[in-house]
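Worksheet: the structure to be examined is printed underneath.
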2 protein chains.
Amino acid sequence: MRESYLRELLKVDGQEIRLTEKQANILAAAIEIFAEKGYAGTATSEIAKRAGVAEGTIFRHYPAKKDLLLAIVKPGVLKLAVPVFADNMVENIFNREFQGFDELLRTFIYNRLDFARQNVAILRIVLQEFAFHPEIKMIIEEAFLEKVYPRIKQTVTGFQEAGLLKEMPITTTVRCIVSPILGFIVTRFLLNPDAEWDEAQEVEHLIDFILKGMEA
Amino acid sequence: MRESYLRELLKVDGQEIRLTEKQANILAAAIEIFAEKGYAGTATSEIAKRAGVAEGTIFRHYPAKKDLLLAIVKPGVLKLAVPVFADNMVENIFNREFQGFDELLRTFIYNRLDFARQNVAILRIVLQEFAFHPEIKMIIEEAFLEKVYPRIKQTVTGFQEAGLLKEMPITTTVRCIVSPILGFIVTRFLLNPDAEWDEAQEVEHLIDFILKGMEA
DNA sequence: ATAATAAGTGAGTAATCACTCACTAATGGA
DNA sequence: TCCATTAGTGAGTGATTACTCACTTATTAT
């Protein structure tokens with residue numbers, strides 16, 4: 001895990017974050033081990049060891065173990081929940097003449113697929129830990145409710161009004177679209193990452209499935 | 001949590017299991033707390049306390065903490081993976097004249113939905129812990145590969161040959177069918193259990209979505 | 001160059017961990 | 001009734017836990 005990756009990950013609101021080498025090592029080690037053994041199953045002593053750092057150094061930068069977890073998860077969730085989607089895609093769709101729903105889906109899926117590929121460990125941590133830490137749950141809810149959901153709702157409603165999507169409760173619609181995508185990402189990177197995957201084919205099947213399933 | 005529930009859960013291969021009251025309390029407490037805090041975050045002392053039992057009593061029945069986990073998870077996974085589906089449904093479908101795929105889906109979904117409703121805690125434990133415990137992963141893989149997958153494959157292939165389902169790699173097909181269902185169950189019982197759910201409507205939307213998405 | 005601040009250290013601490021063991025209480029078959 | 005087996009106990013164990021603190025080293029601003 002390289003420092004540039006961490007700097008990019010931790011950059012929120014455009015704020016640059018400066019990391020010493022040891023700080024970067026701590027974060028990298030924590031991400032690795034949290035993903036491997038889970039937060040509660042990870043000893044700070046082990047993080048220190050793998051980071052090549054004294055245990056005290058960890059607590060110099062993070063007052064408590066949980067702060068270290070949040071320092072990893074918080075930007076992870078934000079980057080996960082605020083995809084290119086929110087910033088570019090919807091604008092493109094609605095400000096220009098919009099392309100088809102399939103093109104939108106394709107862009108979205110590949111975008112999140114690549115994010116998952118580059119952040120498997122953090123994805124794993126978020127999925128494993130949000131159930132036990134209300135702080136994480138809140139971060140996710142905020143990010144989702146404020147950034148993702150309204151955009152998706154706007155987009156989906158637009159397509160529904162254009163008669164391209166079936167009328168359903170918006171939550172149901174979103175769930176029907178998201179579940180197969182998430183199902184594929186989780187299978188691809190967490191459950192069976194070593195299988196031989198024809199990603200392009202899978203994505204096309206996925207798009208076809210969702211599209212036909214949602215047709216008016 | 002009542003003893004009859006536990007006896008039913010632990011009954012595998014028809015073998016009756018006799019539990020003293022304290023043993024049942026231990027299992028019930030362990031299920032509760034494991035689901036709340038996760039395995040690694042749970043102290044055996046706390047299980048003993050909530051079960052109203054000396055800590056030594058736990059280790060009289062389970063040599064190690066992990067054995068207690070497995071005693072809960074193992075039958076849980078089996079009951080989860082070997083639904084009425086495996087025993088009755090497929091037989092019904094193939095031995096009689098078969099109904100439509102929608103009827104099959106409906107039966108399957110309601111069946112698993114009810115199972116989830118009655119086993120939320122165990123569902124949560126399995127989902128949370130399988131990533132960290134190879135033993136659990138193996139139990140799941142065995143149960144799935146031996147009992148569930150062949151049945152599903154047989155069924156799906158049958159419908160494909162009848163021209164009712166699109167031709168796709170079998171794994172893709174299964175994933176497309178299972179993801180939305182699992183997505184619903186997880187949302188319904190784990191993510192947002194307190195919302196007002198119109199289950200019947202959701203299930204019908206789900207069936208419609210899957211059916212149309214899979215149409216040849 | 002110097003002083004001020006930040007980064008890093010590692011031995012030490014109280015608390016908690018999973019687990020043991022010598023023991024008593026309850027149960028069931030003869 | 002007696003005995004053998006099983007169930008249950010709780011104080012005690014060494015290991016490990018997250019975290020502290022007095023200290024040294026490195027960095028930065030002036």
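Please read these numbers as outputs of a predicted model, since none were measured by experiment. Reminder, nothing fancy here: chain letters follow the sequence lines and each chain counts from 1.
Using a cutoff of 4.0 Å between basic side-chain nitrogens and carboxylate oxygens, Glu199(B) and Arg188(B) are scored as salt-bridged.
Contact annotation for Gln23(B): backbone-only contact, meaning every heavy-atom pair under 4.0 Å involves sugar-phosphate atoms and none involves a base.
Residue Ala43(B) has its side chain nearest to dA18(C) when only dT9(D), dT9(C), dA18(C) are considered. The nucleotide whose nearest atom lies closest to any side-chain atom of Ala64(B) is, among dT9(C), dC19(D), dC19(C), dC19(C). Residue Thr20(A) has its side chain nearest to dA7(C) when only dA7(C), dT9(C), dA18(D) are considered. In this structure, the nucleotide among dG10(D), dT20(C), dT9(C) sitting nearest to the side chain of Ala54(B) is dG10(D). When distances run from any side-chain atom of His61(B) to the nucleotides dG8(D), dT20(C), dT20(D), the shortest one goes to dG8(D). When distances run from any side-chain atom of Arg60(B) to the nucleotides dT9(C), dA22(C), dA18(C), the shortest one goes to dA22(C).
Nucleotide dA15(D) holds its P atom 19 Å from the CD atom of Glu46(A), rounded to whole Å. Here dA18(D) presents its P atom at 14 Å from CG of Asp67(A), a figure rounded to the nearest Å. Atom-to-atom, NZ of Lys49(B) to C1' of dA18(C) comes out at 17 Å; the value is rounded to the nearest Å.
Inspection of the Ser45(A) and Glu55(A) side chains reveals no N or O donor paired with an N or O acceptor under 3.5 Å.
Remark: Lys79(B) fails to qualify as a cation-pi partner of Phe115(B) under the 6.0 Å distance and 45° angle criteria applied to the six-membered ring.
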